[in-house]
Amino acid sequence: MTLHEPARFFANLLVPTSDPVGLRGRLAEHLGRHARCETTETGEVLLSSELGLSRLTLEAGGLRIAAESGDPTGLAYIKMIMADHVLELGEAGLALHWTGAGASGSPLPFFRAMTVTGVATVGRFRRLTLRGDDLGRFAEGGLHVRLLLPAEGVRQRWPVTGDDGRPFWPDGNPPPARVYTLRRLDVAAGEVEIDMLLHASHHDAPGAAFAERARPGDVVGMTGPGGGDLPEATDYLLFADETGLPAVVRMLAEMPAGRRVRAFVEIEDEDDRQALPSVAAAEVTWLYRRDGARLETAAASIGAGDLPPGTVVWGGMEHAARRAVFRRAVDVWELPRDRLRLASYWRRGQAGTDHHHDD
Ligand SMILES: Cc1cc2nc3c(=O)[nH]c(=O)nc-3n(C[C@H](O)[C@H](O)[C@H](O)COP(=O)(O)OP(=O)(O)OC[C@H]3O[C@@H](n4cnc5c(N)ncnc54)[C@H](O)[C@@H]3O)c2cc1C
């Protein structure tokens, strides 16, 4: 390596499958939906993304997966994603053992134990300040994190890297996890700020219940970062309810001058309004649910010719509202998918955030 070549991190896995060709094809098909996928003249399958590169090669004894990345977090994500897919798409009972960087038993690069240092009530949100070590990597590659929420009174033992590249929990099952947004991040101070909504069902909900009882000194697990990066554009149209508001705060705070943003934010009433500082030209419309205003209606009021060419549409909101905005964006505004970033952040009547879009 010369002085100017960036460091690379490597790991290797031989999947002892009896059907390496079939497994390679299924992995290429599934992972190719989220990564660039090409097959070389020698039949090697290459999968590349912002996380790094994986090579899938047939070998005596199975399918060889060679992974590499420019940073330990990227490599750890690749190892975990590969293991999840191999275990889902391969035959039952496969034992996976990665070799190379990030050995079994080592700390997970994408995990931090975070200590609550501040709790404030802001409208219907609980604003938590969390402190942790070495947060630099959380400033790039995504706005969101998964909080791992110990049950009340439980002293949680945290995961390390497992043999198969996935988190290994020394006490067995992991605690419930919920997705949140870093509305503010101060790497030098080792501090992040998260607004957690105390929604109507918060007593039976691990995320909101933790937010309600959190006190300085409590410890919570955090993995990430991921998701929320916007494609380059001059004009943005944003839709958010309370759960998407922290992402709007962060996007506007980080958006450079010269961008134009039109944002619709649906909240219960004026108590939940927040300052949205930005050097971009931002026009924000607050929609009060109490008065019957809705994101769906706001989207329906925008006609086919109303959007500047090249507009990127982003949204974080309830499942049904997201679907209505998505249909409007595709059917009426006729936007191509690469200019749409509309996500369902929660679903009425359903716990957790693993509900899929059904476009
Ligand atoms: C990328 C992403 C970023 C997110 N960022 C944030 C954030 O910064 N702040 C934030 O507060 N949320 C955020 N969310 C939403 C949050 O993850 C969900 O609301 C999650 O369901 C909360 O977990 P819980 O344990 O409180 O409730 P769950 O156990 O998941 O759900 C229990 C019950 O509460 C209902 N419920 C869940 N959320 C709401 C809600 N908002 N309003 C009314 N009822 C609800 C469910 O439908 C269910 O019936 C984000 C979600 C995603 C995908």
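Worth knowing before you read on, the calculation uses all heavy atoms, side chains too, and leaves out hydrogens, waters and symmetry mates. Start at 1 and go down the list; that is how both ligands and their atoms are numbered.
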Can the ring centroids of W158 and F111 be said to lie less than 6.0 angstrom from one another? yes

Only one of R183, R131, R126 passes salt bridge (Lys or Arg N to Asp or Glu O under 4.0 Å) with E193, and that residue is R183

In short, V325 meets L295 closest at the heavy-atom pair CG2-O, 4.5 Å

Ligand 1 to P206, heavy atom cutoff 4.0 Å, flagged ligand atoms 25 (O), 29 (O)

Exercise. N/O to N/O below 3.5 Å, does that happen between A200 and ligand 1?
Worked result: no

In V220, L147, T129, the residue satisfying side chain to side chain contact (heavy atoms under 4.5 Å, CB included) with I194 is L147

_Under 3.5 Å, is there a donor on one side chain and an acceptor on the other for D163 and S104?_
yes

Looking only at protein heavy atoms, what sits closest to atom 33 (C) of ligand 1 is S201 CB, 3.7 Å

Practice prompt. State, without any angle test, whether W286 and D272 hold a side-chain donor-acceptor pair at a distance under 3.5 Å.
Written response: no

Any nitrogen or oxygen of D204, main chain or side chain, under 3.5 Å from a nitrogen or oxygen of ligand 1?
no

Can you confirm whether the side chains of Q274 and D195 place a donor and an acceptor under 3.5 Å from each other? yes

Q. Under 3.5 Å, N or O to N or O, is A351 touching ligand 1 that way?
A. no

G352 touching ligand 1 at heavy-atom level, < 4.0 angstrom:
yes

shortest atom 8 (O) of ligand 1-to-protein heavy-atom contact is with T181 N, 3.1 Å

Check whether any heavy atom of I194 sits under 4.0 Å from an atom of ligand 1.
-> no

* Any side-chain heavy atom of I302 sitting closer than 4.5 Å to one from W333? -> yes

Taking the basic N atoms (NZ, or NE/NH1/NH2) and the acidic carboxylate oxygens, is any pair closer than 4.0 Å for R328 and E296?
no

Quick note on ligand 1: atoms under 4.0 Å from a heavy atom of P246 include exactly 7 (C), 8 (O)

Atom 37 (C) of ligand 1 sits nearest the protein heavy atom H199 NE2, 3.6 Å

Closest non-hydrogen contact found for A177 with L148 is CB-CD2, 3.5 Å

closest protein heavy atom to atom 27 (O) of ligand 1 is A205 CB, 3.1 Å

Would you say G349 contacts ligand 1, with heavy atoms under 4.0 Å as the rule?
yes

Check your understanding: Do R339 and Y236 meet the criterion of a side-chain donor-acceptor pair at a distance under 3.5 Å?
Key -> no

re atom 29 (O) of ligand 1, the protein heavy-atom contact at minimum distance is R178 NH2, 2.9 Å

Nearest non-hydrogen protein atom to atom 46 (C) of ligand 1, with distance, is Q350 O, 3.3 Å

When distances are taken from atom 19 (O) of ligand 1, the protein heavy atom at minimum range is W346 CB, 3.6 Å

Logged contact type for D195 with ligand 1, heavy-atom cut-off 4.0 Å, is backbone

inquiry  = Taking a cutoff of less than 4.0 Å between a non-hydrogen atom of the residue and any ligand atom, is R347 in contact with ligand 1?
reply    = yes

At under 4.0 Å between heavy atoms, what of R348 touches ligand 1? The answer is backbone

for atom 51 (C) of ligand 1, nearest protein heavy atom and its distance come out as Y345 O, 3.4 Å

Counting from 1 in the order shown, the ligand 1 atoms closer than 4.0 Å to a non-hydrogen atom of H144 are 1 (C), 3 (C)

- T17 versus E91, side-chain donor and acceptor atoms under 3.5 Å: yes

Say whether M196, considering both its backbone and side-chain N or O atoms, lies within less than 3.5 Å of an N or O atom on ligand 1. no

>> As a quick check of understanding, evaluate side-chain contact (heavy atoms from CB on, under 4.5 Å) for L237 and L307, giving each step before the final call.
In response: CA-CA 9 Å; L237 177 62; L307 296 183; 3.6 Å; yes

